[in-house]
Amino acid sequence: MLAFLGAVICIIASVPLAASPARALPGGADNASAAAASPGPQRSLSALHGAGGSAGPPALPGAPAASAHPLPPVPLFSRFLCTPLAAACPSGAEPGDAAPGEREELLLLQSTAEQLRQTALQQEARIRADQDTIRELTGKLGRCESGLPRGLQEAGPRRDTMADGPWDSPALILELEDAVRALRDRIDRIEQELPARVNFSAAPAPAPVVPTALHSKMDELEGQLLAKVLALEKERVALGHSNQQQRQEVEKELDALQDRVAELEHGSSAYSPPDAFKISIPIRNNYMYARVRKALPELYAFTVCMWLRSRSGGTSQGTPFSYSVPGQANEIVLLEAGHDPMELLINDKVAQLPLSLKDNGWHHICIAWTTRDGLWSAYQDGELRGSGENLAAWHPIKPHGILILGQEQDTLGGRFDATQAFVGDIAQFNLWDHVLTPAQVLGIANCTGPLLGNILPWEDKLVEAFGGATKTAFDVCKGRAKA
C-alpha cells in the first residue's frame with residue numbers, strides 16, 4: 001500500500017517537470033528563483049492545480065526575479081509538493097526503484113517473512129518428530145504397565161501386575177525399574193531438545209497451538225511414569241517387609257523345633273530347672289567351646305561364680321572363660337597356663353590367684369572385682385583364698401563383647417590356642433554387676449542359697465555349644481557327690 005501511494009505521488013509530481021526542461025530546484029531555493037529558472041510558471045501551476053487554481057495575476061515574460069507582485073501561495077504550495085518529490089521521484093525513474101527508507105522497510109519485511117516461513121517449517125518438522133516420540137513412549141508405557149518382560153509381551157495375554165506370580169521374581173522388578181528409568185531419561189532428553197519459543201519482536205505472530213498440546217501430552221505422560229515408579233517402590237518395600245516377617249517367623253519356628261528336639265533327646269526332665277545342665281569339653285583342642293548369647297553392659301564391678309571340674313590330669317587347667325571386646329582381646333580372662341598359678345587378667349593387667357583344680361573334682365570358684373582401686377577377691381568352695389588391689393584400677397569393663405567358655409580369645413570371638421584350652425566340665429556360670437558378700441558366696445557354694453546372676457544367669461537358652469562340646473542335663477548340687 002505504501003509503495004502504491006509513493007508511485008501515485010511520483011506520477012503527479014512528474015507533470016510540471018515534463019512540461020519544462022529545467023529540473024526543480026533544491027528545497028532551500030526561494031519561490032522567485034524557481035519562477036525565473038522555469039519559463040511559463042503560470043502554465044506549470046495550471047497543470048498542477050487546474051485552470052482555476054491560480055492565486056494571482058500572471059507574470060510577464062522576462063520579468064525580473066524580484067517582482068512587485070509576488071505570489072506567496074503558489075510558491076509555498078509548489079515548494080511543499082514538487083520540490084521534495086522531484087528529488088525522491090525524478091522523471092524517467094524505473095518502476096522498480098524506491099527511496100532508501102522504503103527499500104530498507106521492504107527488505108525488513110522480506111527478511112521477517114522469510115524468518116516466519118523458516119520457523120514454520122522447523123516447527124512442523126519438530127512436531128512430526130515429537131509425534132513419533134510420543135507414539136514410541138506410549139508403546140513403552142503400555143509394556144511397562146503390563147508388568148511382563150519384553151520377551152513375553154507378544155507370547156500371550158497380559159497378566160495382572162499385582163498377582164503373586166510376577167512379583168516373586170526379583171529379576172522382573174529390576175527389569176521394570178530399568179525400563180522406567182530409561183523412559184524417564186528419554187523424556188529428560190526430549191525436554192532439553194525442545195526449541196525455545198521464538199521471540200517475534202519485529203512482527204507479532206499468533207502462537208502455535210500444537211506445541212502447547214505437545215507439552216500437555218508430555219506432562220501427562222511424565223505424571224503417569226512417576227506414578228508407576230512410586231507404585232513399584234511401594235510394592236518393593238512392602239515385599240521386603242513381608243519377606244523379613246516371614247524370615248522371623250521361620251526362625252521362631254526353627255528355634256521351637258530345636259528346643260523340642262533337645263527335649264526329646266534328653267528326656268522330659270532334662271532342663272527342669274533351666275539351670276540344671278553342664279558344658280563338657282572332653283579333649284584339648286582349639287575348636288570345642290561354648291558361647292554365651294547375651295551381650296554384657298558396661299561394668300564398674302562384677303562377681304563371677306562357676307562350678308568347674310578339670311580333666312587335664314594335673315597339667316595346666318587352661319582357660320575356663322574369656323571375655324573380649326573390640327580393640328581388647330583380654331578384657332576379662334581366667335586361665336592357668338603350664339605350671340604357673342591361675343591368673344586373672346583385666347584389660348591385660350594380671351593378678352595371680354591362689355586357686356587349684358588339679359584333683360579332677362568339682363570345685364566352686366568365685367572371683368569379685370571393682371574398678372575402685374582395682375580391688376579383687378578369690379573364693380574356692382566358699383572360702384576366701386586371696387585378695388589384692390591395683391588390678392586395672394579405674395578401668396570400666398567395656399560392653400558389647402563376646403564371652404567364650406573353654407577357650408582363650410586372641411581376637412574378638414576367635415583364633416583359639418589349643419595349649420590354652422580348658423578340658424573338663426563347666427556348670428552354673430553366673431555373673432553379677434556388683435561384689436557379692438562372703439555369706440552369699442558361701443550359700444552358693446554349699447547349695448543352701450542358690451542365686452542366679454542379675455547380668456548373666458546360667459540358662460539353657462543363653463548358652464550354645466560348638467565344635468563337639470556337649471550340653472547335657474546335670475544338677476551340680478546333686479551330681480557332684482556321684483561324680
Side-chain angles (χ1 to χ4, degrees), residues 275-279 290 292 294 296-297 299-310 317-323 330-336 341-346 349-392 397 403-406 408 422 424-459 462-463 474-481 483:
D275 61 345
F277 69 97
K278 65 179 180 179
I279 296 294
V292 179
K294 184 177 181 181
L296 301 184
L299 299 175
Y300 297 92
F302 69 83
T303 301
V304 57
C305 296
M306 71 203 81
W307 285 92
L308 296 176
R309 181 172 66 174
S310 175
Q317 309 304 310
T319 306
F321 79 94
S322 63
Y323 176 68
N330 298 324
E331 188 70 5
I332 307 175
V333 181
L334 178 65
L335 81 160
E336 180 182 355
M342 187 168 287
E343 296 176 340
L344 174 65
L345 280 70
I346 297 180
K349 307 300 186 295
V350 182
Q352 294 185 349
L353 309 181
L355 304 177
S356 177
L357 304 175
K358 297 181 180 180
D359 59 354
N360 296 333
W362 282 100
H363 294 278
H364 185 260
I365 300 297
C366 272
I367 298 171
W369 173 87
T370 178
T371 185
R372 183 174 182 179
D373 296 328
L375 299 177
W376 60 270
S377 302
Y379 297 84
Q380 181 171 340
D381 297 330
E383 297 180 3
L384 180 63
R385 294 294 181 90
S387 61
E389 59 182 1
N390 293 327
L391 176 60
I397 303 301
L403 182 59
I404 298 294
L405 303 180
E408 194 272 332
F422 177 79
D425 302 315
I426 303 174
Q428 292 294 325
F429 186 95
N430 290 277
L431 179 65
W432 295 264
D433 61 357
H434 56 274
V435 176
L436 296 182
T437 64
Q440 290 175 323
V441 173
L442 180 60
I444 297 173
N446 58 21
C447 296
T448 59
L451 188 63
L452 294 178
N454 66 334
I455 297 297
L456 180 61
W458 183 251
E459 293 182 357
L462 298 180
V463 181
F474 180 74
D475 189 345
V476 65
C477 290
K478 296 179 180 180
R480 63 182 177 135

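The chain is numbered in sequence order, starting from 1.
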With sequence neighbours excluded, residues passing side chain to side chain donor-acceptor pair (under 3.5 Å) with Ser322: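 So Ser322 forms a side chain to side chain donor-acceptor pair (under 3.5 Å) with Gln409.
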Not counting sequence neighbours, which residues clear side chain to side chain donor-acceptor pair (under 3.5 Å) with Glu331? List them please.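 For Glu331, the residues satisfying side chain to side chain donor-acceptor pair (under 3.5 Å) (neighbours in sequence not counted) are His395.
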Report yes if some heavy atom in the side chain of [X] is under 4.5 Å from a heavy atom in the side chain of [Y]; otherwise report no.
{"X": "Tyr379", "Y": "Pro438", "value": "yes"}
{"X": "His363", "Y": "Leu308", "value": "no"}
{"X": "Leu431", "Y": "Val292", "value": "no"}
{"X": "Val333", "Y": "Leu344", "value": "no"}
{"X": "Asp275", "Y": "Gln428", "value": "yes"}
{"X": "Ile365", "Y": "Leu353", "value": "no"}
{"X": "Ile444", "Y": "His364", "value": "yes"}
{"X": "Ile346", "Y": "Ile397", "value": "yes"}

Quick one: pull up [atom1] in [X] and [atom2] in [Y] and give me the separation to the nearest 0.5 Å.
{"X": "Asp425", "Y": "Ile279", "atom1": "CG", "atom2": "CD1", "answer": "9.5 Å"}
{"X": "Arg309", "Y": "Ile426", "atom1": "CZ", "atom2": "CD1", "answer": "12.0 Å"}
{"X": "Arg385", "Y": "Ser356", "atom1": "CZ", "atom2": "OG", "answer": "8.5 Å"}
{"X": "Leu436", "Y": "Cys305", "atom1": "CG", "atom2": "SG", "answer": "5.5 Å"}
{"X": "Tyr323", "Y": "Ile404", "atom1": "OH", "atom2": "CD1", "answer": "11.5 Å"}

Backbone of [Y] reached by a side-chain donor or acceptor of [X] within 3.5 Å:
{"X": "Thr303", "Y": "His434", "value": "yes"}
{"X": "Asn446", "Y": "Thr448", "value": "yes"}
{"X": "Trp362", "Y": "Cys477", "value": "no"}

With [X], which residues qualify under side chain to side chain contact (heavy atoms under 4.5 Å, CB included), at least two apart?
{"X": "Gln352", "answer": "Pro341, Glu343"}
{"X": "Glu459", "answer": "Pro457, Lys461, Leu462"}
{"X": "Arg372", "answer": "Thr370, Trp394"}
{"X": "Asp433", "answer": "Leu299, Asn454, Ile455"}

Suppose we screen for salt bridge (Lys or Arg N to Asp or Glu O under 4.0 Å). Which residues come up paired with Glu336, at least two apart in sequence or across chains?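 Result, salt bridge (Lys or Arg N to Asp or Glu O under 4.0 Å) vs Glu336: Lys358.
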Can you see which heavy atom on [X] is nearest to which on [Y], and at what distance?
{"X": "Ala427", "Y": "Trp458", "answer": "CA-CZ2, 3.9 Å"}
{"X": "Val476", "Y": "Phe474", "answer": "CA-CE2, 3.3 Å"}
{"X": "Gly382", "Y": "Ala445", "answer": "N-CB, 3.5 Å"}
{"X": "Leu335", "Y": "Leu345", "answer": "CD2-CD1, 3.5 Å"}
{"X": "Pro320", "Y": "Leu334", "answer": "CD-O, 2.9 Å"}

Yes or no on side chain to side chain contact (heavy atoms under 4.5 Å, CB included) for Leu405 and Met306, after CA distance, side-chain angles and deciding distance? CA-CA 11 Å; Leu405 303 180; Met306 71 203 81; over 6 Å; no
Using ring-ring contact (aromatic ring centres under 6.0 Å, His included) as the criterion, list what pairs up with Phe429, not counting sequence neighbours.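 Per chain and number, Phe429 pairs via ring-ring contact (aromatic ring centres under 6.0 Å, His included) with Phe321.
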Quick one: ring-ring contact (aromatic ring centres under 6.0 Å, His included) partners of Phe302, sequence neighbours excluded?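 Counting only residues at least two positions away or on another chain, Phe302 forms a ring-ring contact (aromatic ring centres under 6.0 Å, His included) with Trp369.
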Report the C-alpha distance between Lys294 and Leu403 in whole Å, list the side-chain angles of each, state the deciding distance to 0.1 Å, and finish with yes or no for side chain to side chain contact (heavy atoms under 4.5 Å, CB included). CA-CA 8 Å; Lys294 184 177 181 181; Leu403 182 59; over 6 Å; no
